[in-house]
Enquirer: 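There's a structure below that I have some questions on.
Bear in mind that the values here come from a model prediction, so they are computed numbers and not experimental data. Side chains included, hydrogens not; waters and symmetry mates left out as well; all remaining heavy atoms used. Note on naming: letters A, B, ... go to the chains in the order of the sequence lines (proteins, then strands), and numbering restarts at 1 for each one.
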Number of protein chains: 2
Amino acid sequence: MRPTTKDLAKEAGVSLATVDRVLNGRPGVRNKTVEAVNAAIEKIGFVRNLSAANLAKGKQYRFRFMLPAHGDQFLGELRARIDEANQGLGVEGMVLSHQEVSHSDPHLIAETLSQIGPDKVDGVALMAPESPQVRDAALRLKERGVHVVHLISGKQQAGDFDFVGIDNQSAGATAARLLGRFNCRKEGKVVVIAETMNARDSLERRKGFDMVLTRDYPHLSALPSLETYGDPRRTRDVIANVLRNNADVVGVYIMSSEAKPALDALAAESDPQSLIVVAHELTSRTRDALMSGEADALIAQNPGHLVRSAVRLLRAHCDNRSVVKSQEVIRIEILIKENLSV
Amino acid sequence: MRPTTKDLAKEAGVSLATVDRVLNGRPGVRNKTVEAVNAAIEKIGFVRNLSAANLAKGKQYRFRFMLPAHGDQFLGELRARIDEANQGLGVEGMVLSHQEVSHSDPHLIAETLSQIGPDKVDGVALMAPESPQVRDAALRLKERGVHVVHLISGKQQAGDFDFVGIDNQSAGATAARLLGRFNCRKEGKVVVIAETMNARDSLERRKGFDMVLTRDYPHLSALPSLETYGDPRRTRDVIANVLRNNADVVGVYIMSSEAKPALDALAAESDPQSLIVVAHELTSRTRDALMSGEADALIAQNPGHLVRSAVRLLRAHCDNRSVVKSQEVIRIEILIKENLSV
DNA sequence: ACATTTCTGAGGTACGTACCTCATTTTGAT
DNA sequence: ATCAAAATGAGGTACGTACCTCAGAAATGT
């Protein structure tokens, strides 16, 4: 049997009350006593029984995911995973919610964050573009006693905060490697499609992409990033335009998380079967694209992992615990037709 | 606040004792009453508080991983993950152990399994080659009240049991696709290296591999599988031999989980940089191979996921619960230099 | 040595469920 | 209608921790 607080009290030669004071960081204990208890903890290998602690506390952990208001399929997946996790986690005393904010205006995000307090929520998983306003708002949120982790976006601005998501530069590099290796023709141009290049994430992906492409595949030249602003109409126009002006396009890298508009446009304006197409994230549309040969590979981060990892980190912060960092690394998944599984 | 058994009793119009009888499947309750309670459960959305239940039961879940006695790096990873998980899971009342058995003799495995009983262990995660003896031993184990899941090997024989691992045919297909796409030269031969072709897993991988290669890359022809029997010496001999007899080898598919001997042999007997090499599993050796260009891609299953998934399934069986199947799918990961992360 | 503050101990209740006993009611068969 | 069997209720204890109060001990300053 695992040692209990009683055993700990006996070992440390103090009372249960003192053990409790030490374990829960309550005041009124001499340093010497604290050390004695800690030594006893080490000695007998005491670990708090979380089941009992949760029961006694009767506490609910309330975590909120702040998501962009726009977004389509990938975001839908993410929300679905949040709901799914919410089902399972209710058992463990955690309640997840999500809130949508437009990403168009950093001030609006900051404003929204400023309305959150420890009375409503114990932790926030924040998916937001990098900006000073958001950065400050997150810091103030933390000062108010709400724990914060950054989700998917904002690895750079994360700073003190934990970051849950992939390294975008590596993701871009991965895309370039796949494009380069899959393309057996000698030379040609590569179209890069982004929602906007104002986002740090896009810049990172592009940076990683260019690095590998220029170094290892000099016969391929990547065209300037096309910006779609998430508008299907515009997406189609810019893609039609770039294809018209470049006869020797051999590949396409769709950088944005929402690949649907670009895939649709490609299907309409070209024969994507003859192009090497690499896109991001697994959604119903990208899955279809993979199966039909419209796309050749996907770079994905598993939304379920993202959600569960964010929750584990927030929970650990609330309990002032440490986590196994290696378990919280979100892998950059490469998906092709053959390893789609399920 | 979540409804408790008290609320449930009130809602169902029965006593706490009866609620307890229904919830824990104890006898002596009329069907009508059971239904009434179940209806009330639905109505108020009662869910058992696991923290409290665990506390009250004071039960320890003891799970044992049965692993092959031989095996090197991949198995080491697996063991490390088991230990790691054991750390974290102690908190949740679970204790993991692992036991090594030689895979050379199915009777020995069966014999070992027959010595396990519910007095020692509540569940077994069984990594063993397919064989009638093992199959029977697993069934008897289950009859004795020890839950069983199959791990990595034995998807086909799993039958009633849950299987934790990847689909080997898809894994083989994935390998073939990568080899086919990475190879831009016109034609040539592909070497396939296995530990033994007696194992069902190897056959499955080979099947998936051949399917894709013959259909989509007819200019590549896969040579008969080389068997290494896990012996470094023999590995080197067979590889040297096959390279001597085939000048036009363009790729190598290392099917076995332990890629080290084959990679070492390849490095000694050829210039692996000029070959397309696809191997299985992420270990220190395969990681190095990827970084140095000896290997071009890895097909991997995440050992941490394997362990955690097996534990979740065993736990669910013990509690007679159901699980979110989709969360328990082990992905076939494709790893290249760029997406190795950490 | 005194008063005063700071620590510590003893003991209690609570959380929600599991599991037990014993008395009582209801049911079904005769 | 009677009786045994089956079903149910009432009430208890236990799990390990959190959090509370109050009394008493020890340390501190004067």
Side-chain angles (χ1 to χ4, degrees), chain A residues 1-41 44-61 89-94 122 318-321, chain B residues 1-41 44-61 90-94 122 315 318-321:
Chain A
M1 272 288 102
R2 294 227 314 270
T4 71
T5 41
K6 253 179 210 158
D7 304 319
L8 183 54
K10 192 180 295 172
E11 180 65 37
V14 298
S15 73
L16 261 179
T18 301
V19 162
D20 175 66
R21 289 182 184 109
V22 174
L23 283 180
N24 296 292
R26 286 184 238 285
V29 186
R30 265 182 308 168
N31 268 337
K32 218 177 118 183
T33 314
V34 173
E35 277 159 28
V37 173
N38 283 329
I41 290 178
I44 66 173
F46 170 83
V47 256
R48 208 197 229 87
N49 181 328
L50 273 190
S51 290
N54 285 338
L55 181 59
K57 276 205 285 259
K59 189 183 168 180
Q60 291 266 25
Y61 297 84
L89 292 173
V91 175
E92 300 178 41
M94 307 198 239
D122 301 290
C318 286
D319 294 348
N320 205 12
R321 273 184 301 126
Chain B
M1 273 290 101
R2 294 229 314 270
T4 71
T5 42
K6 253 179 211 158
D7 304 320
L8 184 54
K10 193 182 292 173
E11 181 64 37
V14 299
S15 73
L16 262 179
T18 300
V19 163
D20 176 66
R21 289 182 185 109
V22 173
L23 284 180
N24 297 292
R26 288 183 238 284
V29 186
R30 265 183 307 171
N31 269 336
K32 218 177 120 183
T33 314
V34 173
E35 278 159 28
V37 173
N38 283 329
I41 289 177
I44 66 173
F46 171 83
V47 257
R48 203 197 232 88
N49 181 329
L50 272 191
S51 290
N54 285 338
L55 182 58
K57 274 204 285 258
K59 189 183 168 177
Q60 289 267 25
Y61 296 84
V91 176
E92 301 178 39
M94 305 197 240
D122 301 291
R315 177 62 192 273
C318 286
D319 295 348
N320 204 13
R321 274 184 301 128

Enquirer: Please enumerate all residues that pass side chain to side chain contact (heavy atoms under 4.5 Å, CB included) together with B:Ala52, with sequence neighbours excluded.
Expert: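 Scan of B:Ala52 (side chain to side chain contact (heavy atoms under 4.5 Å, CB included), adjacent residues dropped) gives A:Leu55, B:Asn49.
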Enquirer: Classify B:Ala17 by what it touches in the nucleic acid, base, sugar-phosphate, or nothing, heavy-atom distance under 4.0 Å.
Expert: base
Enquirer: Could you tell me which residues satisfy side chain to side chain contact (heavy atoms under 4.5 Å, CB included) with B:Lys6, sequence neighbours excluded, listed by chain and number?
Expert: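 Partners of B:Lys6 under the side chain to side chain contact (heavy atoms under 4.5 Å, CB included) test: B:Thr4, B:Leu16.
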Enquirer: Hey, what do you get for CG (B:Asn54) to CE (B:Met94), rounding to the nearest 0.5 Å?
Expert: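 Here the rounded value is 8.0 Å.
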Enquirer: Could you pull out all residues at least two apart from B:Ala17 that satisfy side chain to side chain contact (heavy atoms under 4.5 Å, CB included)?
Expert: B:Ser15, B:Arg21
Enquirer: Please check: side-chain N/O of A:Arg48 versus main-chain N/O of A:Leu23, any donor-acceptor pairing under 3.5 Å?
Expert: yes
Enquirer: With a strict under 4.0 Å distance from non-hydrogen atoms of chain B, what nucleotide opens and what nucleotide closes the contacted stretch of DNA chain C, reading 5' to 3'?
Expert: C:dG16 to C:dT27
Enquirer: Quick one: side chain to side chain contact (heavy atoms under 4.5 Å, CB included) partners of B:Ala40, sequence neighbours excluded?
Expert: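 Counting only residues at least two positions away or on another chain, B:Ala40 forms a side chain to side chain contact (heavy atoms under 4.5 Å, CB included) with B:Leu8, B:Glu11, B:Ala12.
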Enquirer: Please report the closest heavy-atom contact between A:Cys318 and A:Tyr61, naming both atoms and the distance.
Expert: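 For A:Cys318 and A:Tyr61, the tightest heavy-atom pair comes out as CB-CE2, 3.6 Å.
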Enquirer: Identify, between A:Arg21 and A:Asn54, the residue whose nearest nucleotide on DNA chain D lies closer to the 5' end.
Expert: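 Nearest-nucleotide comparison on DNA chain D picks A:Asn54.
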Enquirer: Quick one: which residue pairs count as a side-chain hydrogen bond (donor to acceptor under 3.5 Å, both in side chains) with a foot in residues 25-37 of chain A, not counting sequence neighbours?
Expert: A:Asp20-A:Arg26
Enquirer: Scan residues 24-36 of chain B against DNA chain D and write down, sorted by residue number, each residue with any heavy atom closer than 4.0 Å; if none is found, say none.
Expert: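 Residues of residues 24-36 of chain B that come under 4.0 Å of DNA chain D are, in numerical order, B:Gly28, B:Val29, B:Arg30, B:Thr33.
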Enquirer: If each of A:Ala52 and A:Val14 is mapped to the nucleotide of DNA chain C with the nearest heavy atom, which maps nearer the 5' terminus, i.e. the 5' end?
Expert: A:Val14
Enquirer: What does the inter-axis angle of the helix from C:dT8-D:dA23 to C:dT30-D:dA1 come out as, five pairs per end, nearest 10 degrees?
Expert: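 End-to-end axis angle for the helix from C:dT8-D:dA23 to C:dT30-D:dA1: 30°, rounded to 10°.
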Enquirer: May I ask you to list the residues of residues 5-12 of chain B, by number, that have any heavy atom positioned under 4.0 Å from an atom of DNA chain C?
Expert: B:Thr5
Enquirer: Rounded to the nearest 0.5 Å, what separates atom CZ in B:Arg2 from atom CG in B:Asp7?
Expert: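 The distance works out to 11.5 Å.
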